[in-house]
2 protein chains.
Amino acid sequence: MKHLSLKSPSLKEKLLEHSIRPTAQRLAIADFVLQKGRHSTAEMVQEHLKKFFPHISLATIYNTLNLFSKKGLLKEYRFPHSGHVFFDNNTQPHAHFLDENSQEIYDVPMEKVNISLKNDSFEIQDVEVLFKGTLTNKGGQSG
Amino acid sequence: MKHLSLKSPSLKEKLLEHSIRPTAQRLAIADFVLQKGRHSTAEMVQEHLKKFFPHISLATIYNTLNLFSKKGLLKEYRFPHSGHVFFDNNTQPHAHFLDENSQEIYDVPMEKVNISLKNDSFEIQDVEVLFKGTLTNKGGQSG
DNA sequence: TTCTCTTTTTAGAACTATTCTAAAATTAGA
DNA sequence: TCTAATTTTAGAATAGTTCTAAAAAGAGAA
């Protein structure tokens, strides 16, 4: 347990600010999904928490991820390469890049994306953009 | 059975051109997914075929949709509002619009979309664009 | 503290979407 | 018409997620 920053005031306060009671399980999940993993699935959370909470229930993980999403700490995404729901701790508008080699998802800041639509049939409220391809020597980026 | 254009030469030939043996089930599925439905799920195919093939197996529907995709007649998509896989008979590059009222998916021709990326980290092979919002008085469009 | 009430966690059942399995039916070609 | 390969089928299996109801934990009052 000593390896987990469960007592991190900022994390605990972050949950409280969002009216989420900071239980031990929720802090452990928050530590991973909000600070470590960028695009976490329930499975990834479970795998990561194994050493701290070997008996944590998948239901708790799903409950918590869904709660965090409802409270605005995470945003849900589905990507074409996987049946899993991904929980992204970047809740600001941004695009994604899927590396077809590693199946890894990277964030692409909207400043780098230029998108427009000639249209008179619908009112756009949101756009989801997924670039697919392969990483070059420079490596991925995020944020 | 008389309501189904099962004997349509063009449909049968289309399958043959793609090295797909035109069985009765496949023709019935093709009639729907290639000519009627734009973004079909297995469930929608089953529902539509009920009157023609009340005992068709879901496995046959999935087998056929996956075969059509492999042969290039359909393209698979996953959208954020549904856990179902959607099979799109428009296999050319295009964007999508999701009407949040009806949960209906519409095609958006790429000519209407302008997208570019300032990037030096990855080689783009494909882009998926999903606009979300509501239809205006003009109604949806496709193709 | 202790009591009580509410919230959270849990294991396992249930559910949804899809794939697998192995046997039966269909088909194509000799 | 025979044979071998392909396709279809029902139902089991699998994957991912949600539901259920009971146990545990937590918050606030007395």
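Every chain is numbered from 1, with letters handed out A, B, ... down the list of sequences.
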inquiry  = Expressed as a whole number of angstroms, how long is the span from A:M44:CE to D:dA15:C1'?
reply    = 17 Å
key: Atom pair distance, as rounded to whole Å: NZ in B:K12 and P in C:dT27   = 10 Å
ask   = Want to settle it: does B:Y62 or A:A59 sit nearer the 5' end of DNA chain C, counting the closest nucleotide to each?
value = A:A59
inquiry  = Just the rounded figure in Å: distance from C1' of D:dT20 to CG of A:L58.
reply    = 16 Å
task = Measure from the side chain of B:T23, starting at C-beta and using heavy atoms only, and say which of D:dT8, D:dA10, C:dA11 lies closest.
result = D:dT8
inquiry  = Measure CG/B:L27 against P/D:dT8 and give the value in whole Å, please.
reply    = 10 Å
ask   = Within the pair A:R26 and C:dT8, is there a side-chain N or O less than 4.0 Å away from OP1 or OP2?
value = yes
message = Ring-plane angle category for A:F79 and A:H81, please: parallel below 30°, perpendicular beyond 60°, tilted otherwise.
response = tilted
message = Salt bridge check, A:E47 against A:K50: does any charged N sit closer than 4.0 Å to a carboxylate O?
response = yes
key: Short side-chain N/O contact from A:T60 to OP1 or OP2 of C:dT10, under 4.0 Å   = yes
ask   = Side-chain contact, heavy-atom cut-off 4.5 Å: A:S69 with A:F87?
value = yes
inquiry  = Heavy-atom nearest nucleotide on DNA chain D for B:I61 versus A:S82: which residue maps closer to 5'?
reply    = B:I61
task = Please state how far atom NE2 in A:H84 lies from atom C1' in D:dT18, giving the value in whole angstrom units.
result = 14 Å
ask   = Taking the side chain of A:R21 as heavy atoms from C-beta outward, which of C:dA11, C:dT8, D:dT9 is closest to it?
value = C:dT8
message = Is it true that B:T60 and B:N63 share a donor-acceptor pair across their side chains at a distance under 3.5 Å?
response = no
task = Please state how far atom NE2 in A:H55 lies from atom P in D:dA23, giving the value in whole angstrom units.
result = 19 Å
request  = Could you state the atom-to-atom distance from CD of A:E47 to C1' of D:dG16 in whole Å?
outcome  = 17 Å
task = Whole angstrom is fine here: how far is it from CG in B:N63 over to C1' in C:dT19?
result = 9 Å
message = Is the phosphate of C:dT10 approached by A:Q25 (side-chain N or O, under 4.0 Å from OP1 or OP2)?
response = yes
request  = Check whether any side-chain heavy atom of B:D88 lies under 4.5 Å from a side-chain heavy atom of B:H94, and answer yes or no.
outcome  = yes
inquiry  = For A:L67 and B:V85, find the nucleotide of DNA chain C closest to each by heavy atoms; which residue's nucleotide sits nearer the 5' end?
reply    = A:L67
